[in-house]
Amino acid sequence: MTQIMRMSALYAPTLKEVPNDADIVSHQLLLRAGMMRKSATGLYSFLPLGWRVIKKIENIVRQEMDAIDAQEIMMPELQPSELWHESGRWDDYGPELMRMEDRHGHGLCLGPTHEELITDLVRNELKSYKQLPLTLYQIQSKFRDEIRPRFGLMRSREFIMKDAYSFHASQESLQQTYDDMSDAYARICERLGLDFRPVQADSGQIGGSVTCEYHALADAGEAELASCTCGWAANSEVAACLPHPTEYAETELKKIETPGVHTIAELAAFLNCPESSTVKAMVGKDAEGNPIALFVPGDHELNELKAERTIDGFALMSDEELEAAGLPKGSIGCVGLPQGVRIVADSSLQGIAHWVVGANEDGFHYVGAEQGRDFTVDVWADLCTVREGDTCPECGKPVSMCRGIEVGQVFQLGTKYSQNMGATYLDENGKEQPFIMGCYGVGVSRCMAAIVEQHSDEYGIAWPASVAPAHVCVLPLVVGDDVVQPVAERVARELAELGVEVVLDDRKERPGVKFAEADLMGWPLQIVVGKRGVANQELELKVRSTGEKSTISFDEYAEALAFAKRASKPIASFLEQAANVRMEAAVTTVRSQMK
RNA sequence: CGGGAUGUGGCUCAGCUUGGUAGAGCGCUGCGUUCGGGACGCAGAGGCCGCUGGUUCAAAUCCAGUCAUCCCGACCA
């Protein structure tokens with residue numbers, strides 16, 4: 001039997017009004033429903049209900065990790081600086097790493113992640129290829145001194161994360177675990193009730209690595225995603241989608257006077273053509289300071305991340321540098337550039353023979369600038385930030401844009417840490433080899449916010465049953481009498497005996513308050529016990545996610561109870577039986593969330 | 001770190017321009033009336049007006065500094 005939570009004793013202070021400093025739905029509702037409170041910027045305390053949700057999420061993650069033979073451990077949050085010096089990240093990580101000293105002046109940091117610690121943990125014991133592969137994980141608080149913590153749990157300075165690390169003797173073995181992890185992540189998202197997408201992501205500075213982010217789709221998400229009906233999806237930072245520029249109908253190179261025209265919008269309006277018929281120029285420099293002109297279709301933006309990937313040490317030039325190089329901002333083009341300026345252009349422009357570009361002279365543009373005749377592109381590359389309608393690299397259909405919350409990422413690390421930190425094993429030939437590693441993270445507290453973003457309405461949260469702080473809320477509309485309350489107490493007890501998590505609103509509150517707060521807190525199923533119902537020998541059910549209401553008679557309820565007692569999964573089976581009796585569609589929703 | 005804004009009972013906010021004994025609603029306590037979708041009446045408790053300094057007979061209000069919070073940007077697991 002599970003414990004009945006009595007609302008009369010529950011510490012869950014609700015707020016009628018929207019807190020001033022919360023501006024996304026999940027943040028507002030988690031505060032309003034009494035699930036958490038802010039302790040300082042980017043630091044939150046979880047109250048009993050919120051903490052129950054966190055534990056539910058953790059357990060789902062734990063089960064899926066255990067199911068793929070990852071083993072749970074627990075490492076310290078406080079870490080010695082030596083290990084970070086060894087990996088090189090004490091200097092590389094930047095101010096986001098929370099550093100401190102102990103009384104002896106010994107350097108420490110609060111762990112933002114645990115690659116160093118885990119590598120150190122295994123390097124002395126894990127010595128033979130026979131012991132590989134090995135996957136370890138933990139669920140604990142992480143610390144990152146974010147420049148700008150915001151959006152409640154979405155980007156906080158202390159947050160709960162599951163981090164897993166795998167060790168391998170071969171790339172094939174790493175790939176196997178990586179695939180297992182990917183599958184587990186998909187199952188985790190499904191069980192959390194998240195509408196999610198695995199998306200291609202930036203592999204960061206670690207070249208050649210394989211990585212995939214798991215995003216919960218939500219407008220409040222910080223990441224912009226491009227996705228296609230064929231299933232392909234990518235973070236806009238990396239999405240390699242081709243724009244489709246259009247050709248301006250002029251094949252002769254003509255210099256035209258364009259007084260006052262400096263922006264693409266002005267140019268397109270001046271020529272009465274779409275922006276996609278113009279070519280936008282940006283000028284940067286490489287690591288040696290050599291100038292490079294980059295060209296993209298006029299209706300697209302240069303993606304600086306992509307430019308950096310194409311050109312070693314790339315940085316855009318400042319206005320002063322442009323002036324010094326004799327380049328008129330707003331009128332730069334590929335014809336008649338100063339000596340030594342290399343031309344890099346977006347691959348999509350390869351098919352456009354004649355360009356509309358600046359004439360490198362204020363107030364003038366060229367039309368009909370022909371590739372090969374009037375200028376030559378040195379390098380073709382993927383340079384654009386993806387836009388709605390660009391071409392999917394997988395199937396060629398137009399992609400659409402949406403926003404996502406990154407709730408997880410899987411990553412093939414390779415040997416970066418094992419090499420830096422001398423973590424090696426002996427292979428079949430007795431030869432020392434660095435471990436091939438993978439790492440895999442799930443933002444547990446961030447998942448909580450993502451779930452609320454996806455499962456809420458004007459009345460409050462509608463938790464998926466898998467993570468709800470309790471499955472059922474029993475609402476006696478009268479307390480202290482000998483008619484309604486005894487029935488509510490009995491129902492709560494019987495459900496609790498079945499293993500159903502029950503909260504009983506035994507407060508002396510008016511019905512309106514109880515209804516409003518039950519909706520706000522988001523219990524998946526409400527069972528209302530009122531004078532009217534008891535008189536008719538029936539209970540009222542309301543499924544929070546659909547809002548559907550129905551009644552079931554005491555007899556039908558008893559039948560559902562008996563059915564559930566015989567079945568192995570009491571919660572689901574109670575609901576299933578209740579569904580058979582009455583509210584099929586509605587309860588099916590709750591039930592499907594329970595698996 | 002740049003730009004913008006805000007700090008007044010637990011919460012949401014008014015008052016500040018034009019200095020003169022601190023306000024409302026919600027929440028909280030008590031009593032009464034209510035009681036199927038965040039009730040009503042009466043009576044209460046609760047505030048160094050973020051902090052420090054200045055101007056002034058007098059500062060929530062004007063000035064300076066400082067701290068904190070939020071938003072945008074830069075930055076970034």
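Below, read A as the first sequence line, B as the second, and so on, with proteins coming before strands; counting in each chain starts at 1.
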P atoms of B/C70 and B/U8, separation to the nearest Å: 14 Å
May I have the list of side-chain donor-acceptor pairs in residues 17-24 of chain A shorter than 3.5 Å, sequence neighbours left out?
residue: A/Asp21; atom: OD2; partner: A/Lys38; partner atom: NZ; Å: 2.8

Within 6.0 angstrom of A/Tyr459 OH, more than 12 heavy atoms from elsewhere: no
Results of ring-ring contact (aromatic ring centres under 6.0 Å, His included) for A/His85 - residues two or more places apart only: A/Trp90
Integer angstrom distance from the P of B/A60 to that of B/G54: 15 Å
With sequence neighbours excluded, residues passing ring-ring contact (aromatic ring centres under 6.0 Å, His included) with A/Phe435: A/Phe167, A/Tyr425
Sugar-phosphate, base or nothing in reach of A/Glu517, heavy atoms under 4.0 Å: base
Sugar-phosphate only, base, or nothing, as touched by A/Lys531 at under 4.0 Å among non-hydrogen atoms: base
Output field: ring centroids A/His27/A/Tyr44 closer than 6.0 Å: yes
Watson-Crick/G-U partner (both atom distances under 3.5 Å) of B/C48: none
Sequence neighbours excluded and cut-off under 3.5 Å, please list the side-chain donor-acceptor pairs for residues 475-492 of chain A, or say none.
residue: A/Asp481; atom: OD1; partner: A/Val484; partner atom: N; Å: 3.3
residue: A/Asp481; atom: OD1; partner: A/Gln485; partner atom: N; Å: 2.9
residue: A/Asp481; atom: OD2; partner: A/Val483; partner atom: N; Å: 3.4
residue: A/Asp481; atom: OD2; partner: A/Val484; partner atom: N; Å: 2.8
residue: A/Gln485; atom: OE1; partner: A/Gly480; partner atom: N; Å: 2.6
residue: A/Gln485; atom: NE2; partner: A/Glu489; partner atom: OE2; Å: 3.3
residue: A/Glu489; atom: OE1; partner: A/Arg6; partner atom: NH2; Å: 2.7
residue: A/Glu489; atom: OE2; partner: A/Arg6; partner atom: NH1; Å: 3.1
residue: A/Arg490; atom: NE; partner: A/Glu494; partner atom: OE2; Å: 3.4

Separation of the C1' atoms in B/U18 and B/U61, to the nearest angstrom: 10 Å
Interatomic distance where CD belongs to A/Glu17 and P belongs to B/G27 [whole Å]: 9 Å
Atom C1', compared across B/C35 and B/C40: separation rounded to whole Å: 12 Å
Base partner of B/G41, which must satisfy Watson-Crick or wobble distances under 3.5 Å: B/C31
Rounded distance in Å - CG (A/Leu520) to P (B/G38): 14 Å
Basic-acidic side-chain contact under 4.0 Å: A/Arg387, A/Glu301: no
Sugar-phosphate, base or nothing in reach of A/Glu213, heavy atoms under 4.0 Å: base
Span that lies between the P atom of B/G19 and that of B/A58, in whole angstrom: 15 Å
Side-chain donor/acceptor contact of A/Lys16 with base of B/G37 under 3.5 Å: no
C1'-based separation of B/A45 from B/G10 [nearest Å]: 13 Å
Letter per nucleotide, 5' to 3', of nucleotides 69-74 of chain B [B base touched, S only sugar-phosphate touched, - untouched; heavy atoms, 4.0 Å]: SSBBBB
Touch class at under 4.0 angstrom, heavy-atom based, for A/Val478 against every strand present: nothing
C1' gap between B/A74 and B/G38, integer Å: 43 Å
Sugar-phosphate, base or nothing in reach of A/Tyr93, heavy atoms under 4.0 Å: sugar-phosphate
Sugar-phosphate, base or nothing in reach of A/Arg446, heavy atoms under 4.0 Å: nothing
Pairs meeting criterion side-chain hydrogen bond (donor to acceptor under 3.5 Å, both in side chains) with involvement of residues 521-535 of chain A, two or more places apart: A/Asp519-A/Gln526
Pairing nucleotide - B/C1, Watson-Crick or G-U, each distance under 3.5 Å: B/G73
Nearest-angstrom distance, C1' atom, B/C62 to B/G15: 16 Å
Spacing between A/Leu477 atom CG and B/U34 atom P, to the nearest angstrom: 19 Å
Touch class at under 4.0 angstrom, heavy-atom based, for A/Pro13 against every strand present: nothing
